[in-house]
Structures are given as C-alpha cells and as structure tokens.
Amino acid sequence: MTGTHLVVFLVDGRPVEAREGSNLLDALQACGIRIPRLCHDPRVAPTGSCGLCVVSRRDHDDELVLACESRVEAGMEVDTSTPAVAAARARRLAVLLPTHALECPTCERHGDCRLEDLVHLLGALDHGPMPLLPRPPREESWPLIVHNPARCVACGLCERLCAEAMGVGAIELVESGSGSRVVTVSGDALSCEFCGQCVDACPVAALAARPDATGVPAWQREVTSTTCSGCSCGCQLGVESHDGELIRVRGVDASDPDCGNLCVRGRYAWDLLRAPGRLASPLMRRGGRLVEATWDEALAATAQALRAARAQRESVAAIGSSRLTDEDAYVLQRFMRSVVGSPHVDAGPDAGIRALVDGMGAAAGVPASTVSFGDLDAADVVLVLRGDVGRSHPMVKNLFVQRAARGRRVFEAYATAGGVTGRRDGHLQVAPGGEEALLLWLARDALRRRAWVPGDGANRPGFTQWRTALEAIDEDELAAAAGVAPATLREVGDDLAASASLAIVVVTGRGIPGDEAAVARRACELLAVLGRAGRPGSGVLVLGAKTNAQGVLAAGLHPRMLPGFRDAAAASDRASCALRWGRSVAAGPGWSHREAMLRAAAGEVGVLFVAGQDPVGTWPRGLKARDGVEGARFVVVLDSFLTETARLADVVLPVATGLEREGDVTSADGVRRTMRRCVRPPGDLPSDRQVLVELARRLGTRIPLGEQLADELKRELGNGPGAFGGVTFGAVEPIVPVGSPRGLLLDAAPRLVHASSMTRHSATLLGLRPLVSVRLSTHDARALGLEDGETARVVAGSREVLRRVVVDPAVPRGIVVSGWYGVGGGAGALYVDDALPVFVEIRKSP
Amino acid sequence: MESVLLRARGVPNSRSIDTYLAAGGWSGFAKALSMTPDAVVQETIESELRGRGGAGFPTGRKWSFVPKDHPGPRYLICNADESEPGTFKDREIIEHDPHMVLEGIAIASYAIRSNTAYIYIRGEFVRWAALLEDAIGEAHRQGWLGRNVKGSGYDLDIWVHRGAGAYICGEETALIESIEGKRGFPRLKPPFPAVVGVFGKPTVVNNVETLACLPHILTKGAKWFASIGRPKNTGTKLYCVSGHVKRPGVYELPMGVTFREIIEGPCGGIREGHTLKAFFPGGSSAPVMRASEVDVRADFDACAEAGTMLGSGGVIVLDDSVDMVETAANLAHFYAHESCGQCTPCREGSDWARDILDRIVAGHGRPADPETLLRICRFASQGMTICPLGDAFSLPISSIVKKFPEEFERHIRAASTVPQKKLPVLPWAGSRPGFGS
C-alpha cells in the first residue's frame, strides 16, 4: 500500500524524495527522470509487459528489476543508466521491434511515437537482423477509430485504460502469444464512449483516430494547453496546431482535474470551429435581408441604435450566457450597467445558475458549490441527483469509476436513462422530478435517527417551520413522489447515517425534469440535519451544463448581482463600482431573461443584446423567446454561428469560440482555469469583450482590455463567493406527485456525444450520433409496432417533431431519448417549461 | 520399497471411499483435526516436504506465509492443471486414489484455516474431473467434508473448477485469474498469492502430488517421511518416464535415485538397438541432459547442481534416432503456442525462436542462427518476465543449442538459402504473423 509519508532514496547517487510504497516508475517520472516505457501509465495497474523500464538496484548487488513492478523504499539505491541497464533495455527493444510494421516515414505518429523515440534512444537497430512480417489487415469498420494490428506491440495499455480508468471495457486483447491482438469485446464494430483514451495512450499508432491523420508531422506542431469549454468540468486540453489550424486534441498528463482522461466531446468536437455554418464576417439587415457588412458598418449601426434608444428613453436589455469567459461576462455587464446605463443583464435560463443562485445561494448563503472534485473521490458516500454524469459530465464519471475500484459506493438517483457505461449499481430510478421528494424523505429519516443537539442546526433560520411542514407530509407519500420503494430508501438512509462525509452532486442541464434549485436547497438541508453541513469533505457540488456558470455569476452577469456577488439593488455597492468604473452604475435589480423577453414582446425594449445564446432556437417555449426577439426594436446577436435568433437579428457580430478564446473560466469545483488561444478564428474574429469594448469606445467610454482588465477583474472578484455560512431552511410545499404518466417520458437531457447546441456543428460527432433519432427500449418499440430505422412522430400535446426510431436495449422501459437540440428541430421544441417532465406519444409516420 | 502414493494401483475398486477407509484413509485428516492448525504446519515443515509442481518450494513454509491475523476467508487451491509435456503423475493419482487427494486438500485447508478449497483441473481431464466430483460426493455423505466435519467444528467445501486448455493456467497466479473468470494472465508478484490470492484473499496453491503426500505425513509422522530420500529432498517421488524406454510409465521411487536407476531399473532400459542420447529430467521446461549425465541424482538439489531441474519429474528419454534440432523446434512450437502474450520477451522470443528453428529444419539455416537463438533465449530468461514461462521455453532450447552444437552445424552446413523476395512485405495469408525469411 502507498504510504503517506515521504522517504528519501538514491537515484544514480542523487537523493530523491517520493511517497513510500509508491510506484517506482511513477516516482522517477515525477522527478523528471526519463525511464523508457511502453506499457505503463499511472492511471492503471502495472503489468510489466514491455520490460523496458529496467533499472539496477545498487543496494541489491546490482540486480536488474522493472521499475514499474517496484515500490519506493526508504534508502533504496537505484541506477537508471548503467551499461547493464542500457544493454537489457536495448535487447528487450530488439525483440519487440520486429513485430512492429516500420512504416515510420508515412505513419501519422512519425515524430510522436514512443517506440520510435526508444529506438533512437537505445539504438536497438544495432541488435541483429530484422525479420520481415506479413501484414494483418487494418480494422477499418469501426467508427472514428482505426486499428492497425501490424503496428501493435501488444502492450495492453488500451485494454487496461478502457476497463480500469474509464469503466467501459469495450476492447480487449485476445489470443495468446504473438497472435495477441486487440478486438472489441462485443465482437461487433466498436461501440463505446469514444473517449479516445486508447488512441491517446497507444505508444505506437496501432490505434488512431481518423480525424487525427493530418499529414503535419509532430515536430511542426505547436502544443498549447487550454481549458475545455464542453461542460463545467474544466478538463485540460493539449491542443496541437499548425499555423493556427487545429491538428488534434490530446489529454494533458496528470492534469487537474481530469488526469488526462478526456471525453468524446472534449477530444473530437473541435472540427466545429471550421464547420460550414461558421460566421466569418458581420451581418446586417438591409432591405429585410441579412447581408454581409464590414465591422465598421455593423458596429456603427449598433452604436447608432443604442444612441437612438437612449434618446427615445427606450430600455436596453442584454442576455449573455454561462458559456462566456469571466472577462467577457464582466465586460458585458459593465458595458450594460455603466455605458448603456441599463441594469437588465442576465445569463439566460441556465439551470446551473438557477441551482447556484436560487438553491445554494438561498440555502447555504453562497451561490457556489461547497465541495470540490477531490472531495468526490474522498467522501464516504456520494449521492448524485438528477442525471447520469456519464452522459453530461464524463470526467466526474471517471472519478466514480476510480471510487468503485476501491469499493466505495455512489448512489445515483435520476429519472432519465443511464449512459453507455451502464453502471447500474447504486442507481435509483426515481420518478421524473422526484429527486426533491427523495431528499425530503432522507431528511425526515435523518431527523428520526438523530438525537437533536441544540446549536447543531436546530437553531438555523426556518428550521422549526421546515420541520413542522415536513413532518406533516406522509412518509409513504414522499416515497411515492420519489418513485422509490421505502425499503430501498431506508438502505440509502442507513449508509448516509453511517458515513462520516457526504458529497451531494446536483447535475444540471436542459431536459432534466425537476427544479434544480429546489434539489440543491434540499441537499443543503439534508446535510444540515445529518450534521454534515460545512464539515470538510461534505457539501453540495452543482455541475453546471455550460462552462462557466460559476464564473459569469462572479463577474456580475446576473440581474441582482454586481461583480464579486455584490448587491445590484444596494446603492453603496453600486457606488463603489461607479467609483472604479468612472461612470454611474444603473440601479438594479434588472430584468431577468424571462422578464426581458416579455417586455420585448410587449414592445418595451429598444435594443436587445444576445451573446452566446440562441433563445429562439433552444429555449423552452414558455419563455416566449421568439415573441421577444421579434418584438424588440433592434436586436444585436454576438455568436459564432447563424443561430435561429441571429436570423431574426438586425446586426450579427461573429466572435471567436471554443479553442480560439482566451480568458478565465471557473469550473464547477470553483477553481479558475485558463483558456488560451490555440486555433486562429476564421477571419481573425474578435472575442465578445473586444466587440463590446469597441462599442463602448464608439459611445465615448473606455473599458480596459488585456492585462489591465485581468487586474481589474481580479480586484472586482475579491475573495470569491465567500465562506459557507450555515444552512437556511426553506419552505416545504405539499408534495404533488407527478400524475400517472400519459405516454412515455421524454429524456432530452444532455447526452454523451451531444450535450449542448454546439456539438451540432461537429461533423465528427454527428458521424457518431446523427441527432435525428428517438431511442426507445425494445419493449416499447415492440408495443408500439415500431421498427428500427423508420421515421416516427414524437407528439406532446399540440406539438410534434419527426425523428428516426432507434431501438436501443440500453434504454429503460417507459423512456424515450431524444436530444433537446436536434438537426431539423430538436425535442426541446416539445417543452413549455424545462422543469416539467414531458410525456410523449410516438406515432407511426403516415 | 513400499508403495505410498501409488499403493492403490492394481487394487480392485480402489476409488471407492470404503476401499480407501479400509486402507487407513482419512485418518490423517482425523489426526490433523485433533491437532492445532499450527501444529499441522509444523509437522509438514519437519517432514521437509517440497512442492511437487516443479519449483520444489518447501510446502510448510509456503503455508506459513498466509497472514495469521487475516480477518476474511482464505482459500486453498489444488493445482491439477497438469499440462507440462511429459508429465502424467497427477492424473495417475486421481485415477487410482482420488480420496488421497481430497484428504490432502482437507489437511492443507485445515492447516491454513481455509473453509473453501478449489481443485483447478486441466480442461481435457474430463474423466478425472468426474472422478473427483464423485469422490467429493462420497466424502460429503460420509461426513469428511461439509459443515462441522466429524464433530470437530471445522467446515470445508471442495469445488472442482475445470480449466479451458491453457498451459499458462498451471502457473499459480494465472490459475487464480482463471478461477476468477478472467483471462489466464499471470500476475505481478509481489503480492504473492499467500497474501493476495483468489478474489483478493490469502490463497495457497499446491500440486496434487504434494497434497497426496500429506495424509501419509500425518499418519506415519514427519520423521518417517524425512527418512525417505536424502536430506532436504525427502519422501517418495513419482517419475513419469516417456520416450524411448522399454517400459514407459509412472514409477514411485524414493527421492535421490539416479536417472540411470530409473531408466535401467523399472523402465527396462533403452529400446533394443539404440543408445541413450539425451533426456529431459523434469518435463520439457527443464534444460536437457546428455547421456553422459545419466548418473545425476533425480532430486531437487542434485538436478540444480547439474544445471537443470527436477521440475515435475517428467523424464523424457531420447535415443540416438532423435534429431535434436527437430526436438528444439518441437518444443518451440509448444511454447510459442502457449505463451500468454502478456509480456514481450516471452511472447516475441518464443515466436522468433520457433521461426528460426523451423527454418533450420526446413533446410534454410544460417551460420548466425545458433547465436541468435541463444540471444533470444537470454532475453527471455533474465527473471524479468512476469512468470516463469520465459524460462520454461528459453532454458531447454538454449541448453539444446549449447549441448548439441554439432547437430546445428550439420543442418546449417547442408542448408540452402531462402530465395529472396522482391517485395519486403509479404501478403497477409490469414495466419499469425511470423518471422518468415
């Protein structure tokens, strides 16, 4: 077992420090000592397959041992480069090399191949004749990934990573001896998460992803690390580019928080940056039609519209997005509040923001998560609510795979379908939106188990009324509303009561039924009655759907909040902002996105800014986005694609996105991570903030950019969201269970391949999942008489969308899966309010 | 000498528990139950019994590595995956005396405080798996297995687990993986099975013949057992003699007889008109011996001194009609087929060696080939493969190359060169990749 204390040992006579009992190869690697290896990776258990990491034990008569099999001992003496070691390594490589097809000059990994490096390092070509090999054929039938067995050196790293680190187990080595080869476990074409870890880890090019074959050799590529903007995990991407063009994306070794384990979106979605629909120049409405315009024309028209609105005393509203960076969000709200003089800024109907502000902010006093990703690994019990993280936040799923390997449990409660990995252990299939009732049941259970100690939560605001209201509800009714058998709930309650620390994960995303703010609030309350609130390692983690919910809030992109979580309604907070910004700050609170749309629909809005959102195309119908956009006198859209909102706009200003952006984002764990420009945007597009700063300049106000902006932002954000200040109990409404479902539950929650509207533009991802389907269980398909591949109407009330039927045995009975965003209209069009579950009928298309 | 392990051979109805009980069977286990487990371990240590599977590790010491304070279950596994070429002793014991094996398992399980034992039996041994199942049923009915054995408060269940035909699964950690339902890949050691074994619990793996010795050690005493053979090489041993002798078969002899005594004694010598050329003393994985080395004693230490090993006691006798290059090619085929493929020196080395030997046999040898073979074998036998299969293929092949260089020279002198191919890349013919030219 790995100890916790550091010990000193000698490497080539030099003292080195490492944890006692840790893997010697990893320890040497961490000290910057390069040891040849093909088959080892710190993410999986060692097997000693390649035998190249030979080192010599000076303290054991110069015995040669494999570093990957050895553990660090205090006082051990290791030599890494004696002649005996070098000879042993070279001999091993000489045996290995003949199995590998030496196609180096034409291989896509030329210059980036560990075997090639080792041959140059160890000089194995001097060892004996090279036999010739017959060539097994390439496996070309898999989606996305190509397997070339002639290059395989049978290290088994792909198999072990797939099973041990990802929990998928889609590929395996079969046959014995030199016939060992990699095949899919299913025997069919590869069908997995397509996370690409196997491709990344393959030391040679036996596994390669089709999009990676670009012909630009490794030594001509520039590598930039940046933060992924696919979801709120904040994974680190190692982006390889050449002359500003994307080559490929790799994981970054031992990076925080992902350890180099990316998901299919983070790795393969980025061809969207060069998608055909990408905007490269501004558009303006002329004669009723959107036509290309110069930046000067578009900005002048926008400035003119803003001046006109000011002259006519019309309102101006801005709807940003939690996709924006901290800097973009900060500049947007400052532009609105101090340059335009309007308090109406919001980040749109973002579930992550709702859970943070109305859930965590109301219950825990801070609109922020109270545990980090590391706590998910360490907590005794983890309770995941509302969705399968394997679909929406695959990095968190990987943490759970590691937990499971150590025998530690995760309870997952959600109504939607599980992911590809199919971790069904510890999964509670709750009623749609039943998570709140589940938490209330558990809170009641905890109250009954616990002898109340005054001052331990019982004196928190609202507790007495909360308890009275909770105990007035029948327990079985709560269980029925949760949709879980009381016996099962009691088992969960036993585990919670026995645990020393509890981390609750609230998954958010469009298409997940239920009120995320209420779930976050109940989670805080449950922690309080268990006596775990505010304890180290216990707390609530809100997983936002988009990159930066936490960050845009801190930057003040909220109608009630100034930067640094200050109160937009408080004159003193506004005055301090005004002092720093050199202009007066409009008095809040401003309109929420909902109110802004209603006012716009009523003709009260002069100019409507929309940045990084597509209200018309993606918002639930109940928010009346189309009426609002049509009703506003002048609409300005900042986006990188021609969205449905952009089609209705007066000016469309294209901006950089994804890997082209620079700035900071704050991930779900509250850690600020940096995005760097890795790829040149088409037409050298500016960032959102550059556009807004230029607009401000045209309106006569200077907003800083670059270093100065970063410094200012740092000061504005102050000390972050503040410390957890104890739980405030909220009102408990009588529980209204979802009526008996009329039809099948529509599951439009984020999916592994398509989690946001952006992935619609990635040809690679569309190739994996075409976004035109409705997936339903074998049972339901048979009951409805539907065949795989036929077109069906998905009907909810008076609305319907056409989708292609895919019969998927992994989908539970009673659920149909169809993306919120779709090609040719997504299932999101069937929602009036995304908190309410939608039940649909599937009808044969006439 | 009185027959111990093969005493039931020739006895009518020898597999029945009644016959076994009449011969004093199960009394060793009864005696063990009256002792403490630690006393049983001590008795075994004093008998100096060494593992009969091939490595010759002292059995009692192996048991003593099981952590005493381990809270959960522990397991005993009887290794009946007898797959070593030239070895057929375990099958013989099970054929005639399955209860002796079960009693040995029971004693060993009691000694390590295990309540569950597995017999991992070679997949092809369909008949012997069934014999063991029958014997387990009988023992259960008579109360020698199951809950509260003979009122002692000790519970024991024995399960027969059939292998699926892989040689590598005779290696104890591959065997453990196989029982767990996984592919038979040997594990890295440490941790050793005695600490982390099957299902992650402390596990002892013992050979059938080793276990079959235990009832006799318990009934007749450690001193009696230690008095047979030579110091540190005690007890009787089953020698499986195959090849060019007049009477091949399994013979039980005290440890320490010479190979000459085995071959010329019970086996009746080499077949008429031929002389001894070479022999493998302990299965095909042991380095080969020349005819001049036939006076070496057939025990663990003497064989090790002579640069070979007693292994499983499978004596393969080759007379002067045998071509040693073909023998090496034959062995290389077996090991290249059975290498599990997990680690490089063995996977690639065995395959490469096979291709070179095939080429020499086919009449296309090259002068550098013996040296290449020795080099390949050196790669695979430095103790840095995960399991001993690297040694198992490289030691016999390199010993043949070293001890019979004249035969290689003869082949290579007569060889013609392989016609040069125009293209360096051969088409894929649907078979395994091999080193063609």
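We name chains A, B, ... by the order of the sequence lines, and we start the count at 1 in each one.
Residue K189(B) places its NZ atom among more than 12 non-hydrogen atoms of other residues, nucleotides or ligands, all under 6.0 Å distant.
Using a 4.5 Å cut-off between heavy atoms, V54(A) contacts chain B through its side chain alone, with no backbone atom that close. Proximity to chain B (any heavy atom under 4.5 Å) is shown, for L52(A), by neither the backbone nor the side chain. With a threshold of 4.5 angstrom between heavy atoms, L188(B) approaches chain A through side-chain atoms but not through N, CA, C or O. Heavy-atom distances place both the backbone and the side chain of P46(A) under 4.5 Å from chain B. Only the backbone of E175(A) comes within less than 4.5 Å of a heavy atom in chain B; its side chain stays farther off. Using a 4.5 Å cut-off between heavy atoms, S49(A) contacts chain B through both its backbone and its side chain.
Using a 3.5 Å distance cut-off with no hydrogens or angles, the side chains of S394(B) and Y335(B) do not pair a donor with an acceptor.
From R109(A), atom CZ reaches atom CD of E116(A) across 10.0 Å, with rounding to the nearest 0.5 Å.
For D62(A) (side chain) and S56(A) (main-chain N/O), no donor-acceptor pair under 3.5 Å exists by modelled atom type. Remark: the backbone N or O of R138(A) is not paired with any side-chain donor or acceptor of N148(A) at under 3.5 angstrom.
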